[in-house]
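Down below is the structure, laid out as structure tokens.
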Amino acid sequence: MMIFLDNLINGLSLGSIYAIIALGYTMVYGIAKMLNFAHGDIIMVGAYIAFCGLQYWNLPPVVAMLMAMVVCTLLGITIEGLAYRPLRQATSLAVLITAIGMSYLLQNLALMIWGANPKSFPGTFINSFTLHLGRLTISSATLITILANVVIMIALTLFTSRTKIGKAMRCVSEDRGAAQLMGINVNRTISITFAIGSALAAVAGVLLCSSYPILQPTTGSMPGIKAFTAAVFGGIGSIPGAMLGGILLGVIEIFGKAYISTALGDAIVFAVLIIVLLVKPTGLLGKPVREKV
Amino acid sequence: MTKAKKKHLIYNLVIFALVIGAYVLLQNMIAAKTITRSLKGQLIPICAWIIMAVSLNLVIGFSGELSLGHAGFMSVGAYTGAVISGWLLNAFAMENTGLRLAIAILAAGLIAGIIGLLIGIPVLRLRGDYLAIVTLAFGEIIRNLVNVLYIGTANGKLYFSFLSKDLPADVTILVDGAKGAVKIKPISTFTAGFILVMITLIVVLNLVNSRTGRAIQATRDNRIAAESMGISVTRHKMIAFVTGAVLAGMAGALYGLNASTVIPTQFTFNQSINVLVFVVLGGLGNVLGSIISATFLTILPELLREFADYRMLVYAVVLILVMIFTNNPVIRSVFMRMFSPVRRLFRGRESQQGGEAA
């Protein structure tokens, strides 16, 4: 029973990280209708920036995290403006390839700046205490990750439903043309979406490296792909869907590794994804789209 | 012969002529020893990547389904090829490398085709990005499964074991889990690669210009309209998908039997993406474009060797710039105006190059 609870908590923690990354994917997809494959690499950049702040400049953890968020936000806006905006009218495949190119570019820039050797992320960042509940121990990293996830979810839900910019984002995702006719600045809205997604990616990067402290230029790619599947799992374009998909995916992964086979953990995750999509082709919380002839 | 048919014929003949010409030229260069060593070593991989690109183009360019798991089929092919080749050597002491290679490639195509069929049945019900993610998932599952697969051969029998290395002691190990397919005797030849490329081209070009091929393209252009004309969408998408899988499996066997080991990490998601890049840069639905871009992009990292540290960086920047320059309407119209005299010369060919997927 203790092992079960332990796994469940680990799963929730990993799932929270996936969920935060998946939010970035799903928001960008919902609004710009593109798969931003470079998203995983923004996670990596965020983690490296926080690493530099902690290791080299001895900044307090919160400042390092904020710095990572600021850098990633600027990076996200720059990438969107330089590479994706010129392709707004292009086919989705062209944008996809550009995003892949961007992902290679970020990975190789990181390789040049920080080298290929894996860096060990400073463990003191959020691992300051452990909580003992009977025989159950929960590390602070796990707690903070889950807590951050809840806070982000509530904040984002409020943001998209209450603020003017949030409403503009929902309009653009519903019908870009109509939104433009209503006087919404589509380009600015998309930029803001990228900014929020990238800032979340930075948070996810720091949390990811606090729990799994190996940092290298490819650190972001596998969590990126998993989070992308999480977004699809929950129904791409839907914010609660990304949350649910991310958490379920994390729990399934940890349970699969613990009870079925360590080597087959990823295969189990992807198999569950396929089964869900076959039963519900638009994901768990995705809206079915009617086709008009 | 109608005008359209004539155009197709000429276009196809040009492709065949170019490929045969390149083969003859390279064979002469090999005979005269004027070929550089690095290029010679890359001839078979280039053939394999051409087949991968053309077969993926069939799936993406002609049937309009974004598949991100093409490397999975290549991996299946590479493993099957290595196992069958090792088994033939053990069971029948088959020394004839040409025959062994042919059987291995056929078996690889068959197995990859069967897996393609099994994957296609559920997957092709989905559309667009969902289809992309599921093919991606299948590619990753295949990679995960071969990671814990152990195959050995002894006395003409094949022994399989899954998850743990549970094989009799006296077997020759063919597939060793995460170490991949080991101790392969490299038997691929450039001529075999060339023949396989020709077979691929004959299959794909004939399929595309046939009644079935037109039906496949109709399902891509407008699914509902095609369905209302009595075309079975699932069946035609399946034909394209499975043909692509068979060809990718064959390319995998060719590629795998060119090396002494094949490891699971060679066929990750990134490899699928590489092939996708070949296809998109070459032009969707443009077979000649796929051939050229697969060849060029396989050689490119070698050509950039002088920039050793920067070559992947340069590759990434080139990729982004090419996509922006060829897809941004403003930049494109500037280019079109610059090249309009040249374009007028080739106008006859323009309509040949297939449409873009919607």
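Convention: sequence-line order gives letters A, B, ...; per-chain numbering from 1. Hydrogens, waters and symmetry mates play no part in the numbers below; they use all other heavy atoms, side chains included.
Residues A:Val95 and B:Asn327 have side chains not in contact (no heavy-atom distance under 4.5 Å, counting atoms from C-beta outward). Inter-residue side-chain proximity for A:Leu96 and B:Leu276 is flagged as met; some heavy-atom pair is nearer than 4.5 Å.
Note on A:Ala94, A:Ser103, A:Ala90: by heavy-atom pairs under 4.5 Å with chain B, the leading option is A:Ala94. Put simply, of B:Val277, B:Val148, B:Ile142, B:Ile273, the one with the most heavy-atom pairs under 4.5 Å next to chain A is B:Ile273. For the set A:Phe37, A:Tyr84, A:Phe270, the entry with the most heavy-atom pairs within less than 4.5 Å of chain B is A:Phe270.
A:Tyr25 is linked by a ring-ring contact (aromatic ring centres under 6.0 Å, His included) to A:His39, A:Phe228, counting only residues two or more places apart in sequence or in another chain. Qualifying salt bridge (Lys or Arg N to Asp or Glu O under 4.0 Å) partners for A:Lys257, counting only residues two or more places apart in sequence or in other chains: A:Glu253.
Atoms CD1 and CG, on B:Ile141 and A:Asp266 in that order, are 10.0 Å from each other to the nearest 0.5 Å. To the nearest 0.5 Å, the span separating CG on A:Leu273 from CZ on B:Phe138 amounts to 9.5 Å.
Of all heavy-atom pairs between A:Ala83 and B:Ile320, the closest is CB-CG2, 4.3 Å. Here the closest heavy-atom approach between residue A:Leu264 and residue B:Asn144 is recorded as CA-OD1, 3.6 Å. In plain terms, the two heavy atoms of B:Asn270 and A:Tyr104 that are nearest each other are O-OH, 4.0 Å. Smallest separation of non-hydrogen atoms from B:Ile324 and A:Leu82: CD1-O, 3.7 Å. Nearest heavy atom pair, residue A:Leu87 against residue B:Met323, reads CD2-O, 3.7 Å. A:Gly101 and B:Leu319 get closest at one heavy-atom pair: CA-CD2, 3.7 Å.
Using a 4.5 Å cut-off between heavy atoms, A:Leu105 contacts chain B through both its backbone and its side chain. Neither the backbone nor the side chain of B:Leu281 has a heavy atom closer than 4.5 Å to any heavy atom of chain A.
Evaluation of the side chain to side chain donor-acceptor pair (under 3.5 Å) test over residues 228-241 of chain A, restricted to residues two or more places apart or in two chains, returns none.
The number of heavy-atom neighbours closer than 6.0 Å to CD1 of A:Ile214, taken from other residues, nucleotides and ligands shown, is 12 or below. Enclosure of atom CZ in B:Phe296 is not indicated, since only 12 or fewer non-hydrogen atoms of other residues, nucleotides or ligands lie within 6.0 angstrom. Heavy-atom neighbours of A:Glu174 CD from other residues, nucleotides or ligands within 6.0 Å: at or below the threshold of 12.
Using non-hydrogen atoms only and a strict 4.5 Å limit, the part of residues 219-227 of chain A facing chain B consists of A:Met222, A:Ile225.
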